[in-house]
Amino acid sequence: MKQDWKPGTMIYPLPAILVSCGSTAEEYNLITVAWTGTLCTNPPMCYISVRPERHSYAIIKKNMEFVLNLTTEDMAFATDWCGVRSGRDYDKFEEMRLTPGKATIVSAPIVEESPLNIECRVKEIISLGSHDMFIAEVVNVRADERYLNPQTGKFELSESHPLVYLHGAYYGLGKKIGKFGWSVEKKQ
Ligand SMILES: Cc1cc2nc3c(=O)[nH]c(=O)nc-3n(C[C@H](O)[C@H](O)[C@H](O)COP(=O)(O)O)c2cc1C
């Protein structure tokens with residue numbers, strides 16, 4: 001038997017990412033975001049949806065740039081904390097001992113502890129209701145060489161132990177089931 005529930009978005013699991021913003025050290029801030037995703041491969045485009053009352057909202061709107069910093073199990077505490085405390089009251093980088101680093105293209109800082117930093121430039125802001133959607137173009141990606149396999153050259157993101165967000169709780173990744181296209185591969 002199935003129940004009907006009132007409409008709501010329950011597209012889980014999702015990443016819980018740290019979005020960094022600000023163009024000067026005084027302005028730098030971090031906001032945890034789960035309402036994020038890919039919009040287009042080429043040009044590479046993505047979105048984040050942010051409530052206008054967030055401290056980060058005005059910073060992102062002013063600079064029209066931000067960085068998506070993927071998070072790991074080791075970063076779970078900081079990811080949650082940055083999602084329940086405001087940059088109005090805290091220097092989140094300092095409180096969480098996270099290191100702001102220089103991005104290659106945008107003025108927003110990267111989080112050095114993150115395995116992958118996705119530098120974004122906002123193209124459009126769409127007001128949807130509770131949240132505004134920032135549609136952005138990816139202008140650069142910084143990848144931690146620690147996860148580059150020297151033999152294959154492949155970026156082994158799973159080895160960073162990505163953080164997974166599911167219906168209000170954080171998890172690790174779980175076991176590998178298959179790989180892209182594996183369902184149609186010939187059995188040996
Ligand atoms: C797991 C998690 C996911 C979140 N996702 C979003 C989101 O997608 N959009 C949003 O506006 N706030 C989201 N939040 C809430 C903000 O991160 C939170 O309000 C934060 O304190 C805002 O910081 P700021 O005021 O420094 O910008 C999320 C919080 C958590 C813990």
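None of the values given here were measured: they were computed from a predicted structure. As the structure lists them, so they are numbered: ligands from 1, and atoms in each ligand from 1.
From N69, atom CG reaches atom OG1 of T32 across 10.5 Å, with rounding to the nearest 0.5 Å. For the atom pair CZ of R54 and CG of N29, the computed distance is 12.0 Å after rounding to the nearest 0.5 Å. The structure places CG of L30 at 8.0 Å from OG of S56, a figure rounded to the nearest 0.5 Å.
The protein atom (non-hydrogen) at minimum distance from atom 27 (O) of ligand 1 is S56 OG, 2.5 Å. Protein heavy atom closest to atom 9 (N) of ligand 1, with residue, atom name and distance, is S49 O, 2.9 Å. Of all protein heavy atoms, the one closest to atom 5 (N) of ligand 1 is A34 N, 3.0 Å. Among all non-hydrogen protein atoms, the one lying nearest atom 29 (C) of ligand 1 is G83 O, 3.5 Å. In terms of protein heavy-atom proximity, atom 25 (O) of ligand 1 is closest to S86 OG, 2.7 Å. In this structure, the protein non-hydrogen atom closest to atom 26 (O) of ligand 1 is G87 N, 2.6 Å.
Taking the six-membered ring where tryptophan is involved, the planes of Y12 and Y165 are perpendicular, since the angle between them exceeds 60° and thus also 30°. Ring pair F155/Y147 is perpendicular by interplanar angle, where above 60° counts as perpendicular and below 30° as parallel.
Between L68 and I48, the closest heavy-atom pair is CD2-CG2, 3.6 Å.
Checked against ring pair (Phe, Tyr, Trp, His ring centres under 6.0 Å), Y57 has the following partners two or more places apart in sequence or in another chain: F134. Residues passing the ring pair (Phe, Tyr, Trp, His ring centres under 6.0 Å) test with F77, sequence neighbours excluded: none.
Which parts of ligand 1 touch V50 is read off a 4.0 Å heavy-atom cut-off, strictly below it: atoms 11 (O). Atom numbering of ligand 1 starts at 1 in the shown order; those under 4.0 Å from a heavy atom of R85 are 20 (C), 21 (O), 23 (O). Residue-ligand proximity, N29 to ligand 1, at heavy-atom distances under 4.0 Å covers atoms 24 (P), 26 (O), 27 (O). Short contacts between ligand 1 and H55, defined as distances under 4.0 Å to a heavy atom of the residue, involve ligand atoms 24 (P), 25 (O), 26 (O), 27 (O). Residue Y165 has at least one heavy-atom neighbour below 4.0 Å for each of these atoms of ligand 1: 1 (C). Using a 4.0 Å cut-off to heavy atoms of C82, the atoms of ligand 1 that qualify are 17 (O), 20 (C), 21 (O).
With distances taken over non-hydrogen atoms, the option nearest atom 12 (N) of ligand 1 out of R51, R54, H131 is R54. Across E53, R88, K92, heavy-atom proximity to atom 23 (O) of ligand 1 is greatest for K92. The option with the heavy atom closest to atom 6 (C) of ligand 1, from among L18, T32, I31, is T32.
The shortest distance between side-chain heavy atoms of S160 and L70 does not fall below 4.5 Å.
K62 has a carboxylate O that lies under 4.0 Å from a charged side-chain N of E27, or vice versa, which qualifies the two as a salt bridge.
For ligand 1, the polar-atom distance check finds an N/O of W35 within less than 3.5 Å of one of the ligand's N/O atoms. Here's the thing with A16: none of its N/O atoms is less than 3.5 angstrom from an N/O atom of ligand 1.
Within the 4.0 Å heavy-atom criterion, neither part of T36 lies near ligand 1.
At a 4.0 Å cut-off, at least one heavy atom of Y170 sits close enough to ligand 1 to count as contact.
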